[in-house]
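Step one of this worksheet: look at the structure below.
What you see below is based on every heavy atom in this structure, not just the backbone, and it leaves out hydrogens, waters and symmetry mates. The residues of the chain are indexed from 1 along the displayed sequence.
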Amino acid sequence: MNAKKTAAPSLPGPVMLDVVGLRLDADDLRRIRHPLTGGVILFARNYHNREQLTALTTAIHAVRPDVLIAVDHEGGRVQRFKTDGFTHLPAMSKLGELWERDVLVATRTATDVGFVLAAELRACGIDLSFTPVLDLDFGVSGVIGNRAFHRDPRVVALLAKSLNQGLALAGMANCGKHFPGHGYVEADSHVALPVDERSMEDILGEDAAPYGWLGMSLAAVMPAHVIYPQVDPHPAGFSKKWLSILRDDIGFQGVIFSDDLSMEGASVAGNVVEGARAALAAGCDMVLICNSPEKADQLLDGLPSAIDAICSARVAALRPVAPALDWDALQQDARYQAAKKALQIL
């Protein structure tokens, strides 16, 4: 009697894309089912309330259980979901200010922030938040601003490590951004192409230092759409030199995500397919394409169909392993209650 054959598990592909609205339409389903899709990123436009959000994430995982569902949910002005029970998380600079008053309370509170952030997202079916921001606050970057913990890279590393611990306690990985550093340049890479004229020694000695100090506690990294001409003519996310520094010199072993290929800072790499090819060739494991369904289709049609098993395994490792509490159970959880209460200090 022949043994029944089982289908091999699918590997997450190298593309993370978004969905149009509050529920999946036919085009969303087609894109999510595409073998090159490995992730879905959600935005505020995908949120009406917790019930709707949970239904959306459940529908996505029903289509592709291996897909990583992510969101930019840092706190402060970068928090996609703010109503129907979601805690209003502080800007990370508030933790830096607390550090100046009491170092130990600041590190403990950073862990509380990470736990509340991750627990609430996981209760709604989201796997990963693109946080923490590791950029230094030089006081010149409007797009970074109070998203940064502090000016001192040592403070940034320690607060980020504490926040990462809170994420991990709720079963969520992390993603440090924007390597090697976006805080020194004034231009916003969403609408321009920033250039940082400093030397490699200056950048590695300050901005990039937290990436090395965080070591194994850093699960993923997102490079900056910034050019550092003293080092390489390409933006960091398309630079084999910068990503080799991250892998070989700093020793980072996790996932490297490109920043959004639809941003102005990515245009130097060419059209979206050329940009994705350049980012993947430089060393990214996964590329993001946001707010442009037409470009997402171009990307899925234009990239090679082969999936890199090593990159795919790295991405798959970001998916939570432990089951999450649902929202009602979370509200009764003693750790969550204590962590949420602790945020009142901010």
Check step by step if side chain to side chain contact (heavy atoms under 4.5 Å, CB included) holds for W99 and T107. CA-CA 8 Å; W99 174 282; T107 55; 3.7 Å; yes
Can you tell if the side chain of Y228 reaches within under 4.5 Å of the side chain of P180, non-hydrogen atoms only? yes
With a 6.0 Å cut-off (strictly less than), is the heavy-atom count around CD of E51, excluding the residue itself, greater than 12? no
So for atom NE2, which belongs to H48, do other residues, nucleotides or ligands contribute more than 12 heavy atoms lying within a distance under 6.0 Å? no
With the side chain counted from C-beta on, respond yes when I345 and R108 share a heavy-atom pair under 4.5 Å apart, and no when they do not. no
Can you tell if the side chain of M92 reaches within under 4.5 Å of the side chain of V113, non-hydrogen atoms only? yes
If I compare all heavy atoms of A119 with all of A170, which pair ends up nearest, and what's the gap? N-CB, 3.6 Å
Counting N and O atoms only, with roles assigned by atom type, does the side chain of R147 sit under 3.5 Å from a partner on the main chain of D135, one being a donor and the other an acceptor? no
Do side-chain atoms of R247 reach the backbone of G254 as a donor and acceptor pair under 3.5 angstrom? yes
Give me the atom names and distance for the closest heavy-atom approach of P90 to L346. CG-CD1, 3.3 Å
Are side-chain heavy atoms of F81 and L121 found at a separation under 4.5 Å? yes
Under 3.5 Å donor-acceptor, H225 side chain and G237 backbone: no
Set out, in order, the CA-CA distance, both residues' side-chain angles and the distance that settles side chain to side chain contact (heavy atoms under 4.5 Å, CB included) for L98 and R101, then state yes or no. CA-CA 5 Å; L98 182 57; R101 303 195 300 271; 3.2 Å; yes
Straight-line distance of C284 SG to L261 CG, nearest 0.5 Å: 8.5 Å
K161 atom NZ, over 12 foreign heavy atoms within 6.0 Å: no
Looking only at heavy atoms, which two atoms of D127 and M172 are closest? And how far apart? O-CG, 3.5 Å
Would you call L299 and V287 a side-chain contact if the rule is heavy atoms closer than 4.5 Å? yes
Between R64 and H34 (side chain of the first, backbone of the second, donor and acceptor by atom type, cut-off under 3.5 Å), is there such a pair? yes
Can L56 and L42 be said to form a side chain to side chain contact (heavy atoms under 4.5 Å, CB included), step by step? CA-CA 10 Å; L56 177 61; L42 301 179; 4.1 Å; yes
F43 reachable from L288 in the ILVMFWY side-chain graph, under 4.5 Å edges: yes
Which distance, rounded to the nearest 0.5 Å, do you find between the OG of S162 and the CG of D112? 10.0 Å
Identify the heavy atoms of I256 and L246 that sit nearest to each other, and give their distance. CD1-CD2, 3.7 Å
Can you check whether Q165's main-chain N or O pairs, donor with acceptor, with T111's side chain at less than 3.5 Å? no
Between F130 and F257, is the ring centroid distance below 6.0 Å? yes
What closest approach, in Å, do C290 and D260 show between heavy atoms, and which atom pair accounts for it? N-OD1, 3.0 Å
Among V255, L280, D308, V221, which residue satisfies the side-chain contact (heavy atoms from CB on, under 4.5 Å) criterion with D285? V255
Are there over 12 heavy-atom neighbours, none belonging to R23, within less than 6.0 Å of that residue's CZ? no
In this structure, would Y47 and I41 fall into the same cluster of hydrophobic residues linked by side-chain contacts under 4.5 Å? no
Return yes if some donor-acceptor pair links the side-chain N/O of E120 with the main-chain N/O of T87 below 3.5 Å, else return no. yes
Could you tell me if the side chain of I144 sits less than 4.5 Å from the side chain of D137, heavy atoms only? no
Please examine the side chains of K82 and H88, heavy atoms only from C-beta on, and report whether any two atoms are closer than 4.5 Å. yes
Search all heavy atoms of L159 against all heavy atoms of A106 and return the closest pair with its distance. CD2-O, 3.8 Å
Flag side-chain contact, heavy atom, 4.5 Å: L169 against R335: yes
Judged by atom type as modelled, is there a donor-acceptor pair below 3.5 Å linking the side chain of D232 to the main-chain atoms of K241? no
Take atom CZ in R45; do more than 12 heavy atoms of anything else shown fall under 6.0 Å from it? yes
Whether the side chain of S262 engages the backbone of I289 through a donor-acceptor N/O pair (distance < 3.5 Å, no angle test) should be reported. no
Criterion salt bridge (charged side-chain N to carboxylate O under 4.0 Å, His left out) on D259 and K177, from CA distance to verdict: CA-CA 9 Å; D259 208 340; K177 58 188 185 184; over 6 Å; no
CE (M16) and CG (L68) are apart, to the nearest 0.5 Å, by 4.5 Å
Just by distance, do the side chain of Y211 and the backbone of L134 share a donor-acceptor pair under 3.5 Å? no
Please check: side-chain N/O of D297 versus main-chain N/O of E294, any donor-acceptor pairing under 3.5 Å? no
Centroid separation Y336 to W327 less than 6.0 Å: no
